[in-house]
Every structure is written in C-alpha cells, then in structure tokens.
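Ligands are counted one by one from 1 in listed order, and the atoms in each one are counted from 1 as well. These values consider heavy atoms only, across backbone and side chains, with no hydrogens, waters or symmetry-generated copies.
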Amino acid sequence: MDTISTITVLSASPDTAQKAIDAGFAQLTHLETLINYYSPDSEISAVNRAAGKSPVAVSEATLDIVSKAVTISRMTNGAFNPAVGPLMKLWKFSRQEIDRPLPSRDTILSSLKLVDYRKIRVDTSSSEIYLEEEGMEIDLGGIAKGYGADKAVEAIRLHGVRSALVSIAGDIRGFGLKNDQKPWKVGVQDPRSGQESPEKEGYQIVTTIELRNSAVSTSGDYQRFFIKEGKRYHHIIDPRTGYPTESSLMSVTVLAPEGFMADALSTGVFILGPHRGRRLLESAGFDGILIDTDRRIYPTEQLKRRISILQDGYSLAE
Ligand code: AMP
Ligand code: MG
C-alpha cells in the first residue's frame with residue numbers, strides 16, 4: 001500500500017503475539033495482491049482492463065470492498081468515488097513532493113466523464129464486477145487501508161489475543177485495553193507540523209482520541225501533495241471538478257466501528273467540507289474532527305464537550 005504499517009499485539013505469550021502479528025500482515029499482503037491499482041496482476045487491474053468489454057470474476061474480498069466503496073459513494077452523494085482512477089493517473093501523487101507540470105484542463109475534463117460510480121456493476125450472485133465504460137478505472141486508495149486494518153484485526157482475533165492495534169498510515173483499528181488497562185489513545189496530527197520529513201522529525205498533535213473496539217482514520221492535504229507557485233495540490237480529488245478539492249479543510253478524522261467506514265468517510269467528508277461534512281457524520285451516527293486551513297476545529301456534537309486542544313494556534317469553530 002506504499003506506506004508504513006504497524007501491528008501491536010498484547011499477549012501473555014510472545015509466541016502467540018508473534019503468530020497473531022504474522023497473521024495480520026499476511027492479510028495485508030494478500031489484500032494488496034488482490035486490489036493493488038499499480039500491479040498488473042491484481043484483480044482490480046483485471047477489472048479495469050476489461051472496462052466497457054466484459055465482467056470479471058473476482059474473489060470474495062474484492063467483491064466485498066468494491067461493494068462497500070459503492071455504498072459509501074451513495075452515502076456521500078458521490079464525494080467519495082472509487083471511480084477516480086483516471087484522474088489519479090493524471091495527477092500521479094506520490095509521497096515525495098516535487099514541483100512538476102499540472103495535467104492539462106482538457107485531459108482532466110475528458111477523464112472526468114469516466115468518473116462515475118453508478119457505472120460500477122457489482123454482481124454478488126456471480127461474483128463479478130463490470131465497469132460499463134471503456135477507460136473507467138477503480139482506485140481503492142481511499143478505502144483500502146481501513147479495510148485492510150479490519151481484515152488484519154479479524155485475523156489477529158482468531159489467535160485469541162486480548163488486545164491489538166493495527167495502523168496503516170492514518171488508518172487505525174484497535175480492540176481491547178493497553179497494559180495499563182486504559183484504551184488505546186490515538187493522536188490527531190497537526191496537519192502543518194513535520195512537513196519536511198515526518199518520519200525523522202516527528203510531528204505535533206492537535207488532540208487525542210480513545211479507541212474502544214473501533215477504528216479511526218484521518219485524511220489530510222499533507223499526506224501526498226506538491227506545492228506549485230504557492231498553491232498546494234493534494235491527493236484528495238473532487239470528482240465534480242477533477243482537481244484537488246478546495247473545501248477549506250486540512251484534515252478530517254473519523255471514528256467508526258469499522259475501518260473501511262472510517263477510511264472512506266474521512267476521504268468523502270474532506271470533499272464535502274466542514275459544514276456538510278460534519279452534518280453527514282452526525283446524521284450517520286459517527287464521531288469526527290474536522291480542521292480547516294484557519295486552524296479551526298469542527299468536532300461532531302458528541303465530541304464537542306470532550307475534546308481538548310493540545311496545540312497552540314488551534315481553536316474550536318463556532
Ligand atoms: P485517503 O488517504 O484515505 O484520504 O485517500 C486518498 C486516496 O484516495 C487517494 O490517493 C486516491 O487514491 C483516492 N481518492 C482521491 N480522491 C478520491 C475520491 N474523491 N473518492 C475516493 N477516493 C479518492
Ligand atoms: Mg480514506
């Protein structure tokens with residue numbers, strides 16, 4: 001998944017802990033072989049190549065993640081849209097920020113016609129996926145890490161351990177309590193700290209969240225981006241325009257019982273912006289923390305009373 005993953009397991013037996021960790025990573029590796037957009041051998045690449053031509057039979061996991069992705073597309077009114085493949089191919093974001101030419105407006109506009117999640121057909125009875133237009137491409141980058149955390153946790157639980165934390169970049173799922181009998185605590189990163197080299201320099205935390213058998217995901221404009229002529233171009237693309245979304249947000253953190261939901265919603269809510277995004281989370285019954293470019297924080301109603309801000313310059317939005 002082109003990122004760093006960590007699995008932490010608590011067990012009285014080091015051997016059990018190691019086996020559980022291995023099982024978690026095996027799930028992630030397996031999932032990657034099925035859905036990696038960049039590997040020609042993945043099932044997703046086969047589905048993409050057959051776009052406009054024929055349905056492709058896929059494994060249960062691929063069918064499951066694609067149908068979950070389509071469900072969240074509907075839920076977010078198309079803000080989350082796994083058909084963004086053709087646009088991602090044009091923008092080519094990577095973890096290195098490099099100044100480079102922008103894709104032309106014409107190429108963006110012609111790719112935009114192919115970005116339609118309603119043309120993704122998932123047939124559960126025959127286990128097939130069909131993309132209705134030639135040139136369409138599914139990209140699961142906005143949901144795969146959270147889904148992977150779910151699968152890893154499932155495998156870890158089979159080993160009978162009491163407590164574990166799986167984190168795949170900003171997509172995290174935990175269960176059980178830590179050694180000190182407290183819940184896992186996850187920091188929400190200051191979107192503008194540690195920009196040069198987060199692994200080396202560390203980063204500041206705006207607030208923390210406790211995980212009780214649940215998942216948390218953060219989407220931000222600082223994860224994959226470049227700056228050109230003073231403007232930030234990041235990897236969360238507005239499927240209505242084909243350009244990086246300008247929703248005034250820097251980051252969105254979503255809490256949900258399952259990782260796939262937290263992951264896909266954090267991406268979708270980022271595009272919807274602070275007001276529509278927060279309303280969607282509240283009406284769907286999930287907690288979240290949205291941070292805008294003026295360093296204003298928009299927690300969902302339930303979190304408002306509990307949140308403490310740990311970083312200077314940040315404040316609660318009205
Ligand atoms: P995340 O880090 O979970 O917010 O996901 C960002 C990734 O999701 C990008 O690198 C793309 O692969 C994909 N993506 C970008 N824009 C969208 C979108 N509007 N809907 C769904 N996936 C997207
Ligand atoms: Mg996401």
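Checked by distance only, ligand 1 and Thr218 stay at 3.5 Å or farther apart across all their nitrogen or oxygen atoms.
Within the cation-pi definition used here (under 6.0 Å to the ring centroid, within 45° of the axis), Arg232 does not qualify as a partner of Phe226.
In terms of protein heavy-atom proximity, atom 1 (P) of ligand 1 is closest to Thr267 OG1, 3.3 Å. Annotation: atom 10 (O) of ligand 1 to nearest protein heavy atom, His235 ND1, 3.1 Å. The protein non-hydrogen atom at the shortest distance from atom 4 (O) of ligand 1 is Ser219 OG, 2.6 Å. Given atom 14 (N) of ligand 1, the protein heavy atom at minimum distance is Val84 CG2, 3.8 Å. The shortest contact between atom 11 (C) of ligand 1 and any protein heavy atom is with Met88 CE, 3.5 Å. Nearest protein heavy-atom contact of atom 8 (O) of ligand 1 is Gly142 N, 3.0 Å.
Taking 2.8 Å as the threshold, Leu265 does not count as a candidate ligand of the Mg ion (ligand 2), since none of its N, O or S atoms lies below it. Residue side and main chain included, Thr267 places an N/O/S atom under 2.8 Å of the Mg ion (ligand 2). Taking backbone and side chain together, Asp171 holds no N, O or S atom under 2.8 Å from the Mg ion (ligand 2).
At a cut-off of 3.5 Å, with distance as the only test, a side-chain donor of Glu43 or Thr62 sits close to an acceptor on the other residue.
Side chain of Asn48 to main chain of Ile138: a donor-acceptor pair is present (N/O by atom type, distance under 3.5 Å, no hydrogens or angles). A donor-acceptor distance shorter than 3.5 angstrom exists from the side chain of Ser42 to the backbone of Asn36, with no hydrogens or angles considered.
For ligand 1 and Pro239, the ligand atoms under 4.0 Å from any heavy atom of the residue are 19 (N). Which parts of ligand 1 touch Asp139 is read off a 4.0 Å heavy-atom cut-off, strictly below it: atoms 11 (C), 12 (O). For ligand 1, the atoms closer than 4.0 angstrom to any heavy atom of Asp263 are 3 (O).
Between atom 20 (N) of ligand 1 and the options Val252, Ile237, Asn81, the minimum heavy-atom separation is to Asn81.
Within the 4.5 Å cutoff, the side chain of Glu137 has heavy atoms near those of the Tyr37 side chain. With contacts defined as side-chain heavy-atom distances shorter than 4.5 Å, the pair Asp221/Ile236 does not qualify. Thr16 is not listed as a side-chain neighbour of Lys19, based on a closest heavy-atom distance of 4.5 Å or more. Taking the side chain as every heavy atom from C-beta outward, Met136 and Lys113 never approach each other to under 4.5 Å. Between Leu211 and Pro183 the shortest side-chain heavy-atom distance does not fall below 4.5 Å.
With a 4.0 Å cut-off on non-hydrogen atoms, Ile143 does not touch ligand 1 at all.
The shortest separation from a heavy atom of Ala79 to ligand 1 is under 4.0 Å, placing the residue in contact. Ligand 1 does not have Arg224 within reach: every non-hydrogen atom of the residue lies 4.0 Å or more from it. Residue contacts with ligand 1: Ser266 is excluded, as none of its non-hydrogen atoms falls under 4.0 Å.
At the Mg ion (ligand 2), the angle from O in Gly142 to O in Asp263 is 90° when rounded to 10°.
With respect to His234, the ring pair (Phe, Tyr, Trp, His ring centres under 6.0 Å) criterion is satisfied by exactly one of Trp91, Phe270, Tyr222, Phe225: Phe270. None of Leu140, Ile168, Asp64, Asp171 except one satisfies the side chain to side chain contact (heavy atoms under 4.5 Å, CB included) rule with Tyr147; the exception is Asp64. If you run side chain to side chain contact (heavy atoms under 4.5 Å, CB included) between Leu249 and each of Leu290, Leu272, Ile271, only Leu290 comes through.
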